[in-house]
Structures are given as C-alpha cells and as structure tokens.
Number of protein chains: 2
Amino acid sequence: MSIDKDLLDNLRLELRRGTLVLSVLSRMNTPKYGYALVQSLQELGVSIEPNTLYPLLRRLESQGLLESRWETDGAKPRKYYHRTSNGNEIYDVLLEEWQQMVKAMTHITEEVSP
Amino acid sequence: MSIDKDLLDNLRLELRRGTLVLSVLSRMNTPKYGYALVQSLQELGVSIEPNTLYPLLRRLESQGLLESRWETDGAKPRKYYHRTSNGNEIYDVLLEEWQQMVKAMTHITEEVSP
DNA sequence: GACAATAGTGTGTGACGCACAGTATATTGT
DNA sequence: ACAATATACTGTGCGTCACACACTATTGTC
C-alpha cells in the first residue's frame, strides 16, 4: 500500500505551524530583511517561500514581536526587521516550550507501548 | 513589559499542531481506547483533553491511519483503536520528519546570528 | 530589449486543536 | 434511595496560520 502523499503533506504542514515563528524569531536578534532571510533560513535547513515569510514578518510585527524600518540608501529599498524587547521575552519562553515539547515527544516516541 | 498571555497561548497551540498526531500514533501499535489514552498520554507528559482526543481518533480513522472496534463485554462499552498498515507507514515517515525538524530547529536556535 | 534576480504586498483557503454542548451508564458517597 | 463523581463517548463551530495564487516594481545581466 503506497503512502497517501496529500495526507503526508498535510501532516507535515501541521508540524511546521508554530516552528516557523520560532525559526524566524531566532534569527532576528540582529536586523534582517525578508529576501536575505529566506536565503539564510534555507542554508540553515528551514525551507520557506517568500510568499510565506513576508506575511509572517508582517504578522509578527503587528503582534509586537518585531519592528521594522526601511533602508533606502542602496540600489533597492529593503525592509529590515528585528526583535522588540517583547519579542525577546516571547522568543525565550517559546524556545523553552519547544524544548519541553521535544523532550516529551522524544520520551513518548521511544517508550514502547504495552 | 509583561508577556502577552493570549499571544503566547496562541503560539503554544500552533506548536502543538501536528505533534498530537505523532503522539497518538506512537501509542497505537497496540489497541487502546480513548479514555485510557488520555490518562496514559498525560502520564507520558502529553496533556490532552478528551474533547480534543476523541475527535482526533475519529479523524485519524477516517484518514485510514487507525481502525476501531467496539468491545462490549465489560461493564462499559469501549472503542479500541489501533494503527493500520497505512498508519504504520505514515507514522514512520512522520517520525522521521519530526526528527529532521528537531535537528533543524536545534541547529537554527543555537546558531548565533551575525 | 528580454529575461532573471531582487524585494516586496494583497487576499482567500483548508485543516486542526480547542471550546462548548451534550448523552449515557457505572461507581461511589451520603 | 438519591446525589455526586467517574467513565466513555459523540456533535458542532470557531480562530488561527502556512500556504497558494496573484501581483507590482526595479535592478542586473546578456
């Protein structure tokens, strides 16, 4: 029986929810702009489309975790984002949550069911 | 500045999506019924409400990953679930996905941003 | 001038954890 | 005997977000 690709893609997508926020916030201790962030996340093993990242950056800004400023000096205008102090706090707590979850998941998937 | 609890709860919930499927599937190599599963997941560090677990079990069955049968011998009728062969395959692949994700997340959150 | 790369915005959809509401029966406590 | 609690389950709607689709604009390369 072959695996249902649609179902697998769907489950994979559900696993990604939430972790993208953590990935992005982890990079934003120093200012970065969207296009370069796509590249550097890719290099670090987190594949994300521009169409997903730009709205995410804007949402995190509206939620008060990031703030932005335009750099228009160069050839192309770029919107730089960085974490706010609130974003720093939320990031720290979320990272802890993630680590607890990983421990729990490691424990439960290694425990043999009776 | 105090942390926005609502936002944190929301982000925490997003992190949970997907992992509950993995948690539940990990337990279903041997048949189990809903109420006991809530208890045993709780003991293994995965807190889940019955109102969340029962619909999840039914959804996984409709997706072909679990199948069920009623046990009506005892004092109370119980619906036992266990993984299908398709569910076994999906579980193995999803577990691998999760482990890749954990590695990527560990890498990216430990990497100091320039 | 055509095409690719760079850099961004706007909008709608599908899926799921959750909350709320509910049913039914057995067991325990008074 | 009756109330409270525990056990065991079903039904339904909502909020949220990663994604897909569509789009704009300018620079760089050939």
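So you know, we letter chains A, B, ... as the sequences are listed, proteins then strands, and number each from 1.
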What's [X] touching, base or sugar-phosphate or nothing? Going by heavy atoms closer than 4.0 Å.
X      : value
L20(B) : sugar-phosphate
R78(B) : sugar-phosphate
Q63(B) : sugar-phosphate
R16(B) : sugar-phosphate

Query raised in the report: Are more than 12 heavy atoms from other residues, nucleotides or ligands located less than 6.0 Å from atom CD of E49(A)?
Result: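 Count not over threshold, so no.
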Donor-acceptor pair, side chain of [X] and main chain of [Y], under 3.5 angstrom:
X      : Y       : answer
S68(B) : K79(B)  : no
R27(A) : I108(B) : yes
T84(B) : E67(B)  : no

Using whole Å, report how far [atom1] of [X] lies from [atom2] of [N].
X      : N       : atom1 : atom2 : result
E49(B) : dC20(C) : CD    : P     : 11 Å
L15(A) : dC16(C) : CG    : P     : 11 Å
L25(B) : dC16(C) : CG    : P     : 12 Å
D6(B)  : dC18(C) : CG    : P     : 15 Å
E14(A) : dG14(C) : CD    : C1'   : 9 Å
E71(B) : dA26(C) : CD    : P     : 17 Å
D9(B)  : dG17(C) : CG    : C1'   : 13 Å

Query raised in the report: Does the side chain of L57(B) come within less than 4.5 Å of L37(B)'s, by heavy atoms?
Result: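 Yes. Closest side-chain heavy atoms under 4.5 Å.
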Query - Note, R16(A) side chain near I48(A) side chain (heavy atom, < 4.5 Å) - result: yes
**Report entry** For DNA chain C, the residues among residues 33-43 of chain B that have a non-hydrogen atom under 4.0 Å from it
**Finding:** none
Query raised in the report: Listed in order of residue number, which residues of residues 50-60 of chain B have a non-hydrogen atom at under 4.0 Å from DNA chain C?
Result: N51(B), T52(B), L56(B), R59(B)
Query raised in the report: Closest nucleotide of DNA chain C for L11(A) versus for W70(A): which of these residues is on the 5' side?
Result: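 Checking each residue's closest nucleotide, the 5'-ward one belongs to W70(A).
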Locate the shortest heavy-atom distance separating [X] from [Y]; write the atom from each residue and the value.
X       : Y       : value
A104(A) : G45(B)  : CB-O, 4.0 Å
S26(B)  : T109(A) : CB-CG2, 4.1 Å
T19(A)  : M105(B) : O-CE, 3.7 Å
T72(B)  : P77(B)  : CG2-CB, 4.0 Å

**Report entry** Spatial distance of atom CG (N10(B)) from atom CG (L15(B)) [nearest 0.5 Å]
**Finding:**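 One finds 10.5 Å between CG of N10(B) and CG of L15(B).
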Query - Atom pair CG/CG of L94(A) and L25(A) - distance to nearest 0.5 Å - result: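 Reported value, rounded in 0.5 Å steps: 7.0 Å.
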Query raised in the report: Under a single-linkage rule joining Ile, Leu, Val, Met, Phe, Trp and Tyr whose side-chain heavy atoms are separated by less than 4.5 Å, which residues share a cluster with Y35(B)?
Result: Y33(B), Y54(B), Y80(B)
I'd like a table of atom pairs between the protein and nucleotides 23-25 of chain C - only N or O on both sides, under 3.5 Å - with the distance next to each one.
unit_1	atom_1	unit_2	atom_2	d
dT25(C)	O2	K76(B)	NZ	2.5

Query raised in the report: Given dG17(C), is OP1 or OP2 found less than 4.0 Å from the side-chain N or O atoms of R12(B)?
Result: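 Answer no for this pair, as no side-chain N or O of R12(B) is under 4.0 Å from OP1 or OP2.
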Report task. Sort and list the pairs that fulfil ring-ring contact (aromatic ring centres under 6.0 Å, His included) and have at least one residue in residues 84-103 of chain B, not counting sequence neighbours. Result ->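 Output for this query lists W98(A)-W98(B).
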Query - Interface limits on DNA chain D, where chain A has a heavy atom under 4.0 Å of a nucleotide atom - result: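 Terminal contacting nucleotides, 5' to 3': dT16(D) to dG28(D).
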